[in-house]
K.L.:
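One structure, pasted below without further comment.
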Amino acid sequence: MQIREQLENLVNDALKNAIDSGKLALDEMPEAALERPRDESNGDWASTVALRCAKQAKMNPRQIAEIIVGELPQNDLVASTEIAGPGFINLTLSPAVFQGVARIVRTEKGDFGKGEIPAGESFVNLEYVSANPTGPMHVGHGRWATLGDAMARVMRHAGYDVYEEFYINDHGTQMDIFGTSVAVRYLQLLGHDVAMPENSYGGGYVKDIAQGIIDRDGDKWAAVEEAERMAAFRELAYHEMLQDMKDTLAGFGNHFECWFSERSLYVVGPDGTSPVTRSLASMDEKGYIYKKEGAVWFKSTAFGDEKDRVCIKENGEYTYFMSDVAYHYDKLERGFDHLINIWGADHHGYVKRCEAMLEAWGRPGALEVVLGQLVNLYRDGEAVRMSKRTGEMVTFKELIEEVGVDATRYLMLSRSSDQPIDFDIEAAKKKDASNPVYYVQYAHARICSILRRVAPEASVEAVAANTMTMDELSAQLIPLDTDLSRLVEPSELALMRTMSAFGELVTQAARDRAPFRLTHYAQDLAGTFHQFYTTCHVIGEDAELQAARLYLLDASRIVLAKSLDLLGVSAPTEM
RNA sequence: GCGCCAGUGGCUCAAUGGAUAGAGCAUCGGACUUCUAAUCCGACGGUUGUGGGUUCGAGUCCCGCCUGGCGCACCA
């Protein structure tokens with residue numbers, strides 16, 4: 001049982017005793033109202049129950065607190081209690097409780113802090129990045145790549161079954177424009193006098209693709225019909241861009257269960273239907289589809305949208321929105337309980353109509369859109385323009401190459417997604433105290449360094465050669481049943497106290513879709529460790545103390561590594 | 001005009017409605033013959049944009065205003 005639950009039971013028992021004995025006049029049992037005080041001097045846990053029920057009981061909250069404390073049953077959790085401020089009940093736990101946490105960490109290892117999600121909420125489709133395959137990923141996409149990946153990791157640890165998906169917009173006019181752009185560049189490179197059309201893609205990569213075609217095929221495409229050339233180049237360029245994105249994302253550590261093609265929504269199956277026709281028919285059945293001015297409309301205003309939306313244009317073409325209708329319908333058909341989309345804040349105007357379609361199908365709330373604010377790129381304080389036209393933009397791939405995966409991820413995750421990020425390339429490259437990712441990684445490396453000191457040489461070499469993991473090394477060095485009763489120093493207790501908060505933090509970060517909280521936690525834990533490191537020596541202490549501290553070190557290592565892992569950041573064993 | 005997001009020390013950010021609003025950077029002052037100084041300790045720094053409201057209690061919730069970002073297509 002979690003510490004919180006055990007404490008809740010204690011407080012509840014005390015309340016019950018107080019009410020039964022008539023010392024407290026309350027109509028109903030209040031909540032135990034436990035929380036972790038921000039300030040350590042206010043104990044390990046605190047209850048605000050006395051403050052909350054003062055009015056109903058018509059008593060001074062401090063008096064109520066005294067009654068509750070007096071009724072607390074005997075237990076071996078709480079070492080001392082204190083009534084503070086207006087009526088807080090502060091509980092300080094016994095060192096044994098925290099020593100127990102360290103023991104759990106080393107027993108559960110990477111599973112420490114795992115949560116369980118109630119059935120029916122568990123199967124989640126998480127769609128993110130979904131960059132158009134008409135150009136390389138830019139830095140903004142990188143934020144979604146980082147956020148989505150971390151969210152998936154955190155949610156999985158919290159007990160969700162997360163299915164990561166990338167939606168490929170490979171259908172529609174943008175693809176044709178892309179094909180045309182490549183075709184024009186191709187002809188220009190061959191010396192033809194053709195101008196780029198108005199809305200074309202002018203980035204340098206388009207020319208690179210065209211040059212690639214020349215290198216392979218020479219001028220053979222100059223002779224074929226324009227439409228055929230466009231179509232051929234479109235497919236070629238599309239696959240090149242898609243592959244580029246797949247490579248970039250794989251190199252960044254992302255993994256998608258599914259790369260979903262928009263085109264597949266239009267493929268008619270043996271039963272004569274497609275996701276497009278099925279989704280439209282399903283809305284029609286419910287009466288939310290109508291015709292007006294030659295177009296087919298979805299009555300999204302029925303669900304609070306500001307205007308109805310066109311599904312099929314007057315000219316018979318499907319809108320992009322229609323694809324999304326079909327896409328979300330398809331997700332439901334695939335059996336997901338819950339759909340999460342990560343979008344840039346510039347798409348927020350699109351949210352309502354998508355929520356509306358889910359409501360039309362009788363699944364209100366099934367779609368959750370996480371809107372993230374955008375990334376502003378700087379170099380030494382100077383804004384870096386990101387324009388596809390001028391070709392001046394920094395692609396995400398270039399950013400990773402210059403800054404590195406770990407620093408990029410950490411910085412992208414270091415603030416709430418509804419906060420814009422000013423990403424300074426030069427600042428991100430700094431390998432000093434101003435870059436928190438190294439602070440955390442350094443704590444991990446320091447621990448590993450101590451463990452190596454007490455390990456047999458053969459094992460140290462095996463770890464260096466990657467034939468042995470740190471977990472295996474520590475299992476060899478530190479017995480699970482080590483006596484931990486010597487761990488009572490403030491910095492030792494602080495370390496274990498911080499570890500004890502991990503599970504709840506993961507649950508909350510998952511619930512709030514806020515993996516950035518893990519960066520704060522990791523920094524907090526690393527800081528607590530660095531403090532311990534300067535206060536407490538490990539090697540050379542008497543045998544029992546050294547053994548207990550090695551145990552504590554290893555538990556810290558495990559939780560640090562897990563925190564970094566949930567962020568997708570590596571935990572180096574030396575730096 | 002309407003809508004969404006934000007506004008917290010010089011800078012970057014925290015704070016399930018809880019206590020004296022916390023960290024880091026920067027600045028200044030200390031700590032390496034001892035397990036990695038990419039570290040630690042200390043000092044300086046605040047009317048949480050603004051005016052009301054809700055309550056035992058507001059940075060947090062509600063309303064107005066100010067400032068900034070983004071969006072308001074039969075584009076994708």
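Residue numbers begin at 1 in each chain, while the letters A, B, ... track the order of the sequences. For clarity, every value in this text was computed on a predicted model and none was experimentally measured.
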K.L.:
Does Lys291(A) have a side-chain nitrogen or oxygen under 4.0 Å from the phosphate oxygens OP1 or OP2 of C74(B)?
P.N.:
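Lys291(A) to C74(B) OP1/OP2: no side-chain N or O under 4.0 Å.
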
K.L.:
Among A76(B), A37(B), A15(B), which is the nearest nucleotide to the side chain of Arg446(A)?
P.N.:
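Within the option list, the nearest is A37(B).
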
K.L.:
Would you kindly give the CD-to-C1' distance between Glu574(A) and C35(B), to the nearest whole Å?
P.N.:
15 Å

K.L.:
Taking donor-acceptor contacts at under 3.5 Å, does the side chain of Arg38(A) reach the base of G17(B)?
P.N.:
no

K.L.:
Give the nucleotide from the list U36(B), A19(B), C40(B) with an atom nearest to the side chain of His530(A).
P.N.:
C40(B)

K.L.:
Do the ring planes of Tyr167(A) and Tyr327(A) sit parallel (below 30°), tilted (30 to 60°) or perpendicular (above 60°)?
P.N.:
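Correct class here is parallel.
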
K.L.:
If you only use heavy atoms from C-beta on, which nucleotide in A76(B), C56(B), A19(B) is closest to the side chain of Pro37(A)?
P.N.:
A19(B)

K.L.:
Ion pair present between Lys331(A) and Glu127(A), side-chain N to carboxylate O less than 4.0 angstrom?
P.N.:
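Here Lys331(A) pairs with Glu127(A) in a salt bridge, since their nearest N and O are under 4.0 Å apart.
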
K.L.:
I'd like to know if Arg353(A) and Asp324(A) make a salt bridge, using a cut-off of under 4.0 Å between side-chain N and carboxylate O.
P.N.:
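Salt bridge: no.
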
K.L.:
Could you tell me the separation between the OH atom of Tyr318(A) and the C1' atom of A76(B), rounded to a whole number of Å?
P.N.:
17 Å

K.L.:
Under the rule syn = chi within 90° of 0, otherwise anti, which is C32(B)?
P.N.:
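Syn.
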
K.L.:
Between C41(B), U36(B), C74(B), which nucleotide gets closest to the side-chain atoms of Gln531(A)?
P.N.:
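Among C41(B), U36(B), C74(B), the one nearest the side chain of Gln531(A) is C41(B).
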
K.L.:
Under 3.5 Å, is there an N or O donor on one side and an acceptor on the other linking the side chain of Gln373(A) and the base of C70(B)?
P.N.:
no

K.L.:
Taking 4.0 Å as the cut-off, does a side-chain nitrogen or oxygen of Tyr438(A) come that near to OP1 or OP2 on A38(B)?
P.N.:
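Answer no for this pair, as no side-chain N or O of Tyr438(A) is under 4.0 Å from OP1 or OP2.
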
K.L.:
In plain terms, say whether Arg409(A) and Asp406(A) are close enough for a salt bridge, that is, a side-chain N and a carboxylate O under 4.0 Å apart.
P.N.:
no

K.L.:
Measure from the side-chain heavy atoms of Phe88(A) and tell me the nearest of A19(B), A76(B), C13(B).
P.N.:
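Nearest to the side chain of Phe88(A) among the choices is A19(B).
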
K.L.:
Classify the side chain of Asn435(A) versus the base of A38(B) as yes if they form a donor-acceptor pair under 3.5 Å and no if they do not.
P.N.:
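Flag unset: no donor-acceptor pair detected.
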
K.L.:
Does the structure show His348(A) stacking with C5(B), if we require the centres to be closer than 5.5 Å and the planes to be within less than 30 degrees of parallel?
P.N.:
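Whether judged by distance or by angle, His348(A) falls short somewhere, so it does not stack on the base of C5(B).
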
K.L.:
At under 4.0 Å between heavy atoms, what does Glu35(A) touch on the DNA or RNA strands: base, sugar-phosphate, or nothing?
P.N.:
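Contact class for Glu35(A): base.
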
K.L.:
Identify which nucleotide among A19(B), C74(B), C70(B) has an atom closest to any side-chain atom of Asp346(A), counting heavy atoms from C-beta outward.
P.N.:
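Closest of the options to the side chain of Asp346(A): C70(B).
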
K.L.:
Could you tell me whether Lys292(A) and Asp308(A) make a salt bridge, using a distance below 4.0 angstrom between a side-chain N and a carboxylate O?
P.N.:
no

